[in-house]
Amino acid sequence: MDIKPLIRLLLVAVLPFLASCKGGNADIISEGGDTIKMEYADNLLLVRYDGYITAEVRNPWNAASVLHTYILVPDSVKLPGNLPHGTVVRTPLKRALIYSSVHNSLVSEFGSIDAIKGVCDAPYIHQPELARRIASGVIADCGVGTSPDIERIIAIEPDGIMLSPFENSGTYGKVGQLGIPLIECADYMETSPLGRAEWMKFYGMLFGKEDVAARMFADTKAEYLALKQSVDTTAVAPKVIIDRLYGQAWYVPAANSTMGIFIKDAGGDNPFDSYMQSGSVGLSGEEVLYKASDADVWLVRYSQSSDKTLGELSDDNAIYRQFDALKSGRVYGCNTSRTYFYEEVPFHPQWLLNDLIMIFHPEKFDNIAPRYFTKMKP
């Protein structure tokens, strides 16, 4: 799907507003260095010094503390003797072990796929060239991220390991004892779509692709804001529900969650925005039915070999049949086993926003195919 013609038209209207957008840690000034402006990311502070860059990752679970500080030093220069405290990472990384499909896809997009020497959770990596290299052994499959194969990790001699932290994750067991820099990718804890995407600036620095990443983010930001601007004056905001029951809980997006922000930015109405937290809220099916039985649109993410149908969804749980969106056929499914939803959306949020606007406001588009969500068939 090519949305560039639409984006170019929208940019004409929105570009005058971009320069005035503020956020993230844009106003933080660090003594002795030049702060690299972060407009949306709240948990990352980058400062350029003479000969190195510091990257401070704030603890998303404790705003008063720092999760990790990295000192990025080009491997083409002698290690300075006056470095601040932190984990030294020689850049660009040339033999990286990357746990998640999200970051593997981003690094590949930078043009640095040759620097990926190992991955974890290989079955979840769908990007064709990455999958081919894993299958042929060019990229080592280091097992499951929660319990990686230490011998394989040692064999590939990584110069950096990119992994996603979790609350109280500690020292990462045996992996943390190898003396290899552990780069804690806390981007997923950002709440705004552009906040998470902006972390690509840091990841670009790790692979010697700072300029590439900066251009990518500038394009992402411009496209996202142009799309958002296109529905700012839309009079009708359809009520939207997301996903379905998992066990006994239906996790709905709170007002300040990433998906809650996506719904708002796409000109939709989130029936659960009375919950002001930044994550999801687990409710019973009956609570969701009470608050949102009249939802106009239902978005369902799932993973299976064949595309889910309305009939199948109806048979999954009797409570689903009571939702107006199912009765009217306004249910849209994203089969994550057939799309690159989880690999692409974190660093290209404009692509999901485009889908949502197409679904919420179909009058704005004509014969443009969605990227992720398609209308469920009977």
Side-chain angles (χ1 to χ4, degrees), residues 52-53 55 57 67-79 83 86-166 169-188 199-210 212-213 216 340 342-344 346-347:
Y52 63 92
I53 294 172
V57 179
L67 184 68
H68 213 130
T69 299
Y70 300 97
I71 317 298
L72 311 186
V73 185
D75 60 9
S76 58
V77 302
K78 184 179 179 180
L79 199 67
L83 293 176
T87 297
V88 175
V89 181
R90 301 309 295 265
T91 59
L93 295 177
K94 296 181 178 69
R95 302 190 60 82
L97 166 60
I98 305 179
Y99 275 35
S100 78
S101 61
V102 173
H103 300 105
N104 276 297
S105 294
L106 178 67
V107 173
S108 298
E109 194 173 352
F110 286 158
S112 297
I113 193 170
D114 289 341
I116 303 174
K117 300 303 181 185
V119 300
C120 285
D121 299 312
Y124 298 101
I125 295 175
H126 302 123
Q127 201 264 3
E129 180 58 18
L130 282 168
R132 187 191 67 78
R133 293 187 181 208
I134 294 167
S136 66
V138 174
I139 294 176
D141 179 354
C142 294
V144 180
T146 53
S147 182
D149 188 319
I150 299 299
E151 291 184 1
R152 289 188 184 179
I153 293 176
I154 293 172
I156 64 174
E157 301 179 323
D159 49 9
I161 299 176
M162 296 176 66
L163 43 72
S164 297
F166 52 90
S169 52
T171 57
Y172 298 98
K174 292 181 180 179
V175 174
Q177 299 170 18
L178 296 176
I180 301 167
L182 298 183
I183 298 151
E184 298 189 275
C185 303
D187 54 86
Y188 77 98
W199 276 65
M200 72 172 71
K201 295 179 180 178
F202 172 42
Y203 301 140
M205 293 171 182
L206 291 174
F207 289 90
K209 300 291 185 177
E210 181 176 351
V212 172
M216 281 177 56
Y340 299 152
Y342 291 115
E343 291 95 334
E344 294 178 342
F347 296 108

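Every value quoted in this text rests on a predicted model; they were computed, and no experiment measured them. All residue numbers refer to positions in the sequence shown, counting from 1.
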Taking 4.0 angstrom as the limit, do Lys94 and Asp75 come out as a salt bridge?
yes

Heavy atoms of Leu182 and Gly176 approach each other most closely as CD1-CA, 3.7 Å

For Asp149, check side chain to side chain contact (heavy atoms under 4.5 Å, CB included) against everything at least two apart and list the hits.
Glu151, Arg152

When rounded to the nearest 0.5 angstrom, what distance separates CD1 in Ile161 from SG in Cys142?
8.5 Å

In a check of side-chain contact (heavy atoms from CB on, under 4.5 Å) between Ile98 and each of Leu130, Leu163, Ile116, Ile139, which one passes?
Ile116

For Val175 against Pro148, the heavy-atom pair lying closest together
CG2-CG, 3.5 Å

Strictly under 6.0 Å, is that where the ring centroids of His126 and Tyr124 end up?
no

Pro165: partners by side chain to side chain contact (heavy atoms under 4.5 Å, CB included), with sequence neighbours left out
Trp61, Leu67, Ser169, Tyr172, Glu184, Ala186, Tyr188

For Glu157, salt bridge (charged side-chain N to carboxylate O under 4.0 Å, His left out) partners two or more places apart
none

Say whether, by atom type as modelled, one donor and one acceptor occur between the side chain of Asp159 and the main chain of Arg95 under 3.5 angstrom.
yes

To the nearest 0.5 Å, how far apart are OG in Ser105 and CZ in Phe347?
10.0 Å

List in chain and number order the residues that pass side chain to side chain contact (heavy atoms under 4.5 Å, CB included) with Phe110, two or more places apart in sequence or in another chain; answer none if no residue qualifies.
Leu106, Ser112, Met200, Tyr203, Lys209, Val212, Ala213, Met216

Could you list the residues that satisfy side chain to side chain contact (heavy atoms under 4.5 Å, CB included) with Thr69, not counting sequence neighbours?
Glu56, Val66, Ile71

Using side-chain contact (heavy atoms from CB on, under 4.5 Å), reason through Thr91 and Met205 one step at a time and then give a plain yes or no.
CA-CA 8 Å; Thr91 59; Met205 293 171 182; over 6 Å; no

Considering only residues two or more places apart or on different chains, which pairs with a residue in residues 130-145 satisfy side-chain hydrogen bond (donor to acceptor under 3.5 Å, both in side chains)?
Asp114-Arg133, Glu129-Arg132, Glu129-Arg133

